[in-house]
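The next block holds one structure in the form of C-alpha cells; read it before the comments.
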Amino acid sequence: MRHKISLSIILLLFWLLNSGHYNYLILALGAASIAIVVLIAHRMDVVDHESQTIHLSLEYPRFGLWLIKEIVVANLTVVKHIWLGNKTITPTVKVIKASQTTDVGKVIYANSITLTPGTVALGLVNDEIMVHALIQENIESLESGDMDSRVSKLEQSW
Amino acid sequence: MEGVLSLLSAFFLLIGSFLCLSGGVGILRFPDFYTRMHAAGVTDTLAATMILIGLMLQNPEMLVIIKLILILLMTLFISPAASHALGQAAALNNLPPLVDLHIKDLESASASGDKTSKS
Amino acid sequence: MVIAATLAILVAMILAVIRAAAGPSLYDRILAVNMFGTKTVLLISLLGFVMGRPEFLDIAMVYALINFISVIGVLRLSDAFNSKHNGQVADLVKRVP
C-alpha cells in the first residue's frame with residue numbers, strides 16, 4: 001500500500017511540475033490520470049519494493065557523485081580513443097562476478113557498468129555479468145572490484 | 001553576474017558540442033557494432049549532460065530548469081536500459097564481437113580465434 | 001553559442017544517418033536510429049531556446065520516452081523474427097572464454 005501512495009505522490013509532483021496551469025478542470029484531469037495510472041500499475045503488479053525504492057539512505061548521493069566522476073573520466077578516455085583511431089583500442093569480452101545479493105543491487109551494478117562509456121553489460125545471469133569493454137584497462141578496473149564494493153555498500157545501507 | 005553565467009553556459013555548450021561531434025565520428029569510425037555502442041554512449045551521457053547544463057545556465061526561470069533536469073534524468077535512466085537491451089539482443093543473435101585488434105597476449109588471441117571461427 | 005551547438009548536433013545526426021544507411025548489421029542501424037533519437041531530444045530543447053519558446057521542452061520530454069519505447073519495440077520485433085535466436089542468456093555467458 002505504501003508503495004502505491006509513494007507512486008501517487010511522485011506522479012502528482014510530476015504533473016504539478018510539468019503542467020504550470022492550476023485551474024480546476026486541469027487539476028481534475030490530472031487526478032483522474034494519476035488514478036488510472038496507479039490502477040493499471042496495480043493490475044500489472046509492478047508496484048513493489050523494486051520499482052519504488054522508498055528505503056532511501058544517505059549512501060545514494062555519495063554513490064551518485066562517485067558515479068558522475070567515473071562517467072566523466074570514462075567519457076574522456078573514450079573520446080581520446082575515438083580521435084586516436086582504431087589502432088589504439090583493444091575490445092574485450094569477459095564475464096565478471098557481481099557480489100550483490102538482491103536483484104535491485106545487481107541491476108544497479110549492471111546499469112552503472114553500462115552508464116560508464118567504455119563498458120557495456122551484455123547479459124546478467126545469477127551473479128555473473130558479461131561485459132564488453134572498449135579497452136582492456138576498463139575490464140581490469142572493473143575486476144579490481146571498486147565499483148562492485150561500492151554498490152554492495154549501497155545495498156547494505158538499505 | 002549575467003556575463004559570468006552566459007560565459008559558463010557557452011563553455012558547457014561548447015564542450016557538449018565537441019563531445020557530440022566526437023560521438024558522431026566514433027560511430028562512423030569504430031570497426032564493429034559493440035565498439036560503436038561505446039561511441040553512442042558518449043553522446044548519451046556526458047554530451048547530453050553538458051548541453052542541458054549549458055541551457056540551464058541560459059535561463060534562470062525555475063520551471064524551465066526543472067523541466068531540463070527532468071529531461072536529463074530521463075536520458076540518464078533510459079540510455080543504459082536501451083543500450084543494454086540492444087547489446088543483449090545482438091549477443092543473443094550471435095553477432096560476433098571483434099576481439100582485440102592488436103593481439104597483445106596469447107590468451108585473448110586464441111579467444112578471438114575461437115570466437116570468430118565458431119560463428 | 002546556442003546556434004553553434006544546434007549546428008554541431010545536426011552534424012552528429014547526419015553522421016548517425018550515414019551509419020544507419022551504411023551499417024552492415026541490423027543492430028548497427030538500430031543503434032544509429034537510437035542515437036538519432038537522443039540527439040533529436042537535445043535538438044528540440046536547443047531549438048526551443050533559439051526560438052525563445054521554452055514550451056518545446058515538453059515535446060522534447062515526450063520524444064525521449066517515445067524514442068525509448070520505439071527502440072525496445074524494434075528489438076522485440078527483431079527477436080521474434082530471428083530464427084537463429086538462442087534465447088538463453090545463460091548459454092551466452094558460457095560461450096565467453
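Keep in mind the model is a prediction, meaning the values are calculated, not measured. Within every chain, numbering begins at 1; the chains are lettered A, B, ... in the order of the sequence lines, protein sequences first and strands thereafter.
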Discussion item. To check you understand the geometry: which heavy-atom pair defines the closest contact between A:N111 and B:P80, and what is its length?
Written reply: OD1-CB, 3.7 Å
Worksheet item: When heavy-atom pairs shorter than 4.5 Å are enumerated against chain B, which of A:I135, A:V78, A:I71, A:V120 gives the highest number?
Response: A:V120
Practice prompt. Answer yes or no: does atom CZ of A:F63 have more than 12 heavy-atom neighbours from other residues, nucleotides or ligands under 6.0 Å?
Written response: yes
Worksheet entry | Heavy-atom pair of closest approach, residues A:N86 and B:R29 | ND2-O, 3.2 Å
Worksheet entry | Side chain proximity check, B:M50 to A:N75, heavy atoms < 4.5 angstrom | no
Item to complete: Apply the test side chain to side chain contact (heavy atoms under 4.5 Å, CB included) to residues B:H38 and A:N138: give CA-CA distance (whole Å), side-chain angles for both, the deciding distance (0.1 Å), then the verdict.
Response: CA-CA 12 Å; B:H38 302 302; A:N138 284 335; over 6 Å; no
Worksheet, complete the sentence: Expected contact set for residues 62-71 of chain B against chain A at heavy-atom separation under 4.5 Å reads B:L63, B:I66, B:K67, B:L70
Discussion item. Under 4.5 Å from any heavy atom of chain B, what part of A:T119 do you find: side chain, backbone, both or neither?
Written reply: backbone
Fill in: Closest-packed option against chain B by number of heavy-atom pairs under 4.5 Å, given A:V107, A:L115, A:I82
A:I82
Discussion item. At a 4.5 Å cut-off on heavy atoms, which part of B:L86 comes close to chain A: side chain, backbone, both, or neither?
Written reply: neither
Discussion item. Taking side chain as everything from C-beta outward and backbone as N, CA, C, O, which of these in B:T35 sits under 4.5 Å from a heavy atom of chain A? Side chain, backbone, both or neither.
Written reply: both
Discussion item. How about OH on A:Y24, more than 12 heavy atoms from neighbouring residues, nucleotides or ligands closer than 6.0 Å, or not?
Written reply: no
Discussion item. Counting C-beta onward and ignoring hydrogens, is there a side-chain heavy-atom pair between B:Y34 and A:V93 closer than 4.5 Å?
Written reply: no
Worksheet item: B:F18 versus chain A, heavy atoms under 4.5 Å apart: side chain, backbone, both or neither?
Response: side chain
Worksheet item: Are the side chains of A:I89 and B:P31 in touch, meaning some heavy atoms are under 4.5 Å apart?
Response: yes
Practice prompt. Go through A:A133, A:A110, A:A74 and name the one with the most non-hydrogen pairs under 4.5 angstrom from chain B.
Written response: A:A133
